[in-house]
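To start, the structure itself, in structure tokens.
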Amino acid sequence: MCGIVGLFLKDKSLEPQLGNLLSDMLITMTDRGPDSAGIAIYGGSAEGRAKITIQSANPGADFDGLAGDLEKAGIKADVSIKSTHAVIELDASKLGNVRKALEEIRPAVRLMGSGESVEIYKEIGLPKEVVARFGVRAMSGTHGIGHTRMATESAVTTLGAHPFSTGADQCLVHNGSLSNHNNLRRELVREGMTFETQNDSEVAAAYLTAEMAKGKDLGQALTGALDDLDGFFTFVVGTKSGFGVVRDPIACKPAVMAETDQYVAFGSEYRALVNLPGIENARVWEPEPATVYFWDHDKAA
């Protein structure tokens, strides 16, 4: 049992409130998963710029002097430290270079996510602790997803927390359990995907990344997941401009959605949505089994 939430804003006037709204939604789901929690925020991106979120078990050592050491490696970057995480902002053309540089100068850090707009923060602990630690309430953005975890099949670690990100500006949160993740992991490794954990949810994220690399949009990749993934799952997924939801054909994991002219929201339970603005006038429904719901800022909803 885990708790997942998501919020996709249509109304730009709400963007300064994204972090605060999403934080409240996630904290409400605390009793569904007390082991670890995480949030992905999609914020505005500057032309030609990219960012990479990293995590360290020893931030005092790993983050001290990081900007200077990157510059010595030929990479000019701004480094913003938030507790055990840091966001490195740099020229988008240098994104591949910074990953290689980090392997050499800071081999202990772990990649949480990268791209033009996404920042991912996750740690062991309750949602209220994670939200406070990383200052999520003050963050603005266009959309975001969150997860609070009750571990059932793998260890409680920072890397095992959700969201999982396996591609640029892509991430996934999952409630459920996949039965064919080991076979699918082997297939994806043969296709060139790499994995940080043994978590089945990371396999789902990697599957979507691999499918989108073939030219599919998020909606098409989620449709393929219904045929290729076995088990129980509710996925909420983010891309740079998109937001998607899908449940397996049995749909035994709880889920509810709401839509107004201002936003689309998802929660494992309705109580995660009750404090959203205008929720009393929203269209509220339970997402159908084996049905893909997909919104994109760059396309017609």
Could you pull out all residues at least two apart from Asp228 that satisfy side chain to side chain contact (heavy atoms under 4.5 Å, CB included)? Tyr207
Closer than 4.0 angstrom, basic N to acidic O: yes or no for [X] and [Y]?
X	Y	answer
Glu269	Arg32	yes
Glu89	Lys51	no
Glu116	Arg49	no
Lys12	Glu15	yes
Arg247	Glu286	yes

I'd like to know if the side chain of [X] reaches the main chain of [Y], judged simply by a donor and an acceptor atom lying under 3.5 Å from each other, with no hydrogens or angles considered.
X	Y	result
Lys122	Pro163	yes
Asp169	Ser117	yes
Arg185	Gln198	yes
Asp217	Gln220	yes
Thr260	Ala282	no
Ser165	Gln170	yes
Thr197	Leu159	no
Asp248	Phe233	yes
Thr291	Pro289	yes

Are [X] and [Y] close enough that a side-chain donor and a side-chain acceptor fall under 3.5 Å?
X	Y	value
Asp296	Ser241	yes
Ser114	Arg99	yes
Ser56	Asn58	no
Thr84	Gln55	no

Given the rule in the side chain to side chain donor-acceptor pair (under 3.5 Å) test, do Tyr121 and Glu119 qualify, once you have shown the distances and angles that lead to the verdict? CA-CA 7 Å; Tyr121 301 94; Glu119 296 180 19; 2.5 Å; yes
Treat each ILVMFWY residue as a node, draw an edge where side-chain heavy atoms are under 4.5 Å apart, and state whether Ile81 and Met112 are in one component. no
Let me see the working for His297 and Phe8 under ring-ring contact (aromatic ring centres under 6.0 Å, His included), right down to the final yes or no. CA-CA 9 Å; His297 285 297; Phe8 178 90; 4.1 Å; yes
Side-chain touch Phe243/Val237, heavy atoms, less than 4.5 angstrom: no
Identify, with sequence neighbours excluded, every residue that meets ring pair (Phe, Tyr, Trp, His ring centres under 6.0 Å) alongside His147. His162
Taking all non-hydrogen atoms of both residues into account, name the closest pair between Leu273 and Gly267 and its distance. CD2-N, 3.9 Å
With a cut-off of 3.5 Å and sequence neighbours excluded, list every side-chain donor-acceptor pair involving residues 127-144.
| unit_1 | atom_1 | unit_2 | atom_2 | d |
| --- | --- | --- | --- | --- |
| Glu129 | OE1 | Leu126 | N | 3.1 |
| Arg133 | NE | Ser83 | OG | 3.4 |
| Arg137 | NH1 | Asn20 | OD1 | 2.6 |
| Arg137 | NH1 | Asp24 | OD1 | 2.9 |
| Arg137 | NH2 | Asp24 | OD1 | 2.8 |
| Thr142 | OG1 | Tyr42 | O | 3.3 |
| His143 | NE2 | Thr239 | O | 2.7 |
| His143 | NE2 | Gly242 | O | 3.4 |

